[in-house]
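Below: one structure, written as structure tokens.
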Amino acid sequence: MDFTEKRFEELASRAARRYCAVFTDFLNMEEQSALLKLRLETPFSLFGGYEGAERRVAAFGEDSQNASFPLAYIKIEPLSAKFADKLSHRDFLGSLMGLGIKRETLGDILISGSTAYLVCLDGVSEYIIQNLSSVKRTSVKCSAVSQLPQDIFSEPREERRIVASMRIDVLVAAVYNLSRSAVKELFLQRRVFVNSALCENFSLTPREGDIISVRGRGRFRLGETLGSTKKGRTVAQLFLYE
């Protein structure tokens with residue numbers, strides 16, 4: 001049993017004793033996978049500020065499904081859009097980490113143009129708003145918002161791929177145009193997840209609706225099997241998230 005599993009069991013036990021929800025910090029996908037594989041008697045739920053979030057907080061307790069998660073939303077925008085640099089996820093994250101903030105207090109960063117929306121623990125939100133004044137060479141202002149704007153969520157792009165089989169390694173290779181050896185390396189590096197659970201079985205056949213995430217590459221949702229070609233290959237429907 002590693003430290004992560006012990007920590008989850010301790011938090012679950014605390015929630016059961018206190019009859020109230022107990023929360024973690026933000027969990028990365030590997031930590032979420034470890035939690036999902038545990039057989040805890042105490043119910044728990046995961047939420048990262050919006051549906052489909054990659055980094056999520058866990059709530060333990062009988063009422064965890066209805067828990068009020070301690071999250072805040074921050075809009076980070078240039079003081080002058082005209083003179084703003086083209087800012088990436090790495091730029092925003094680097095500036096936030098430069099404030100001395102721990103990574104586990106920060107959730108996903110969603111970017112629209114040169115503006116970013118940050119999900120974070122509410123305990124660090126005011127500190128960020130007061131102290132984050134620049135990203136890269138761009139002066140920015142931060143403000144609290146009650147929710148994320150709907151137009152920041154782009155619909156996944158539907159594609160059809162012809163594949164030899166519906167095995168997960170074949171699908172990952174087809175989506176990201178990788179060789180079999182490159183895909184095998186991703187599995188060895190523990191970078192492939194199905195519905196937030198680490199996948200170490202490269203011959204797994206995912207089900208329709210499963211979300212496959214490849215850390216460092218992106219994620220996609222498996223749609224229907226649309227038929228087969230004359231050569232017996234499968235036509236797979238896939239939804240790729242930008």
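Treat the numbers as computed from the prediction; the structure is a model and nothing was measured.
In Phe153, the CZ atom is crowded: over 12 heavy atoms of neighbouring residues, nucleotides or ligands sit closer than 6.0 Å. Counting heavy atoms of neighbouring residues, nucleotides and ligands inside a 6.0 Å radius, atom CD of Glu41 does not exceed 12 of them.
Listed by first then second residue, pairs satisfying side-chain hydrogen bond (donor to acceptor under 3.5 Å, both in side chains) with a partner in residues 223-236 number zero, not counting sequence neighbours.
One distance of note links CZ of Arg14 with CZ of Arg18; it measures 5.5 Å at 0.5 Å rounding. Here Ile168 contributes atom CD1 and Leu204 contributes atom CG; the two are 5.5 Å apart, rounded to the nearest 0.5 Å. Between the CD1 atom of Ile76 and the OG1 atom of Thr115 there is a distance of 9.5 Å, given to the nearest 0.5 Å. Here the OG-CD distance, from Ser80 to Glu77, works out to 11.5 Å after rounding to the nearest 0.5 Å. To the nearest 0.5 Å, atom OG of residue Ser95 and atom CD1 of residue Ile128 are 11.5 Å apart.
In this structure the side chain of Leu46 never reaches within 4.5 angstrom of the side chain of Val57, judged on heavy atoms. Side-chain atoms of Ile109 and Leu96, non-hydrogen and from C-beta on, do get closer than 4.5 Å to each other. For the pair Leu11 and Phe44, the minimum side-chain heavy-atom distance is 4.5 Å or more. At least one side-chain heavy atom of Leu40 sits less than 4.5 Å from a side-chain heavy atom of Leu35. The side-chain heavy atoms of Leu148 and Val119, taken from C-beta on, include a pair separated by under 4.5 Å. Residues Arg103 and Arg55 are in side-chain contact: their nearest non-hydrogen atoms beyond the backbone lie under 4.5 Å apart. When side chains are defined from C-beta on, Glu62 counts as touching Pro43, because their heavy atoms get closer than 4.5 Å. A heavy-atom distance below 4.5 Å is not found between the side chains of Leu118 and Tyr73.
No donor-acceptor pair under 3.5 Å is formed between the side chain of Asn66 and the backbone N or O of Asp63. Ser45 contributes a side-chain N or O that, together with a main-chain N or O of Ser64, makes up a donor-acceptor pair within less than 3.5 Å. Remark: side-chain polar atoms of Asp108 are paired, donor with acceptor, to backbone N or O of Glu54 under 3.5 angstrom.
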Report task. Verify side chain to side chain contact (heavy atoms under 4.5 Å, CB included) between Tyr176 and Leu186, making sure each step is shown before the conclusion. Result -> CA-CA 12 Å; Tyr176 300 112; Leu186 290 173; over 6 Å; no
Query raised in the report: Please walk me through it: do Ser196 and Arg56 pass side chain to side chain donor-acceptor pair (under 3.5 Å)?
Result: CA-CA 10 Å; Ser196 297; Arg56 297 188 290 179; 2.9 Å; yes
Report task. Tell me, with the steps shown, if Leu238 and Leu222 meet side chain to side chain contact (heavy atoms under 4.5 Å, CB included). Result -> CA-CA 5 Å; Leu238 304 167; Leu222 182 61; 3.6 Å; yes
Requested in this report: Assess whether side chain to side chain contact (heavy atoms under 4.5 Å, CB included) is satisfied between Arg191 and Val172, documenting all intermediate values.
Outcome: CA-CA 11 Å; Arg191 290 178 173 267; Val172 169; over 6 Å; no
Query - Verdict with reasoning, Thr24 to Glu104, per side chain to side chain contact (heavy atoms under 4.5 Å, CB included) - result: CA-CA 9 Å; Thr24 65; Glu104 56 266 29; over 6 Å; no
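Here the two rings, on Phe23 and Phe69, have centers that are under 6.0 Å apart.
Summarising the geometry of Ser134 relative to Val140, their closest heavy-atom pair is N-CG2, 3.7 Å, with the distance given to 0.1 Å. Nearest heavy-atom pair, Ile74 versus Cys120, reported as atom, atom and distance to 0.1 Å: CD1-SG, 3.8 Å. Here the shortest heavy-atom pairing between Ser114 and Leu87 reads O-CD1, 3.9 Å. Taking each heavy atom of Val163 and Met166 in turn, the nearest pair found is CG2-SD, 4.1 Å. Residue Glu31 comes nearest to Phe26 through the heavy atom pair OE1-O, 4.1 Å, listed as atom of the first residue, atom of the second, then distance.
A donor and an acceptor atom, one from each side chain of Ser88 and Asp91, are located under 3.5 Å apart.
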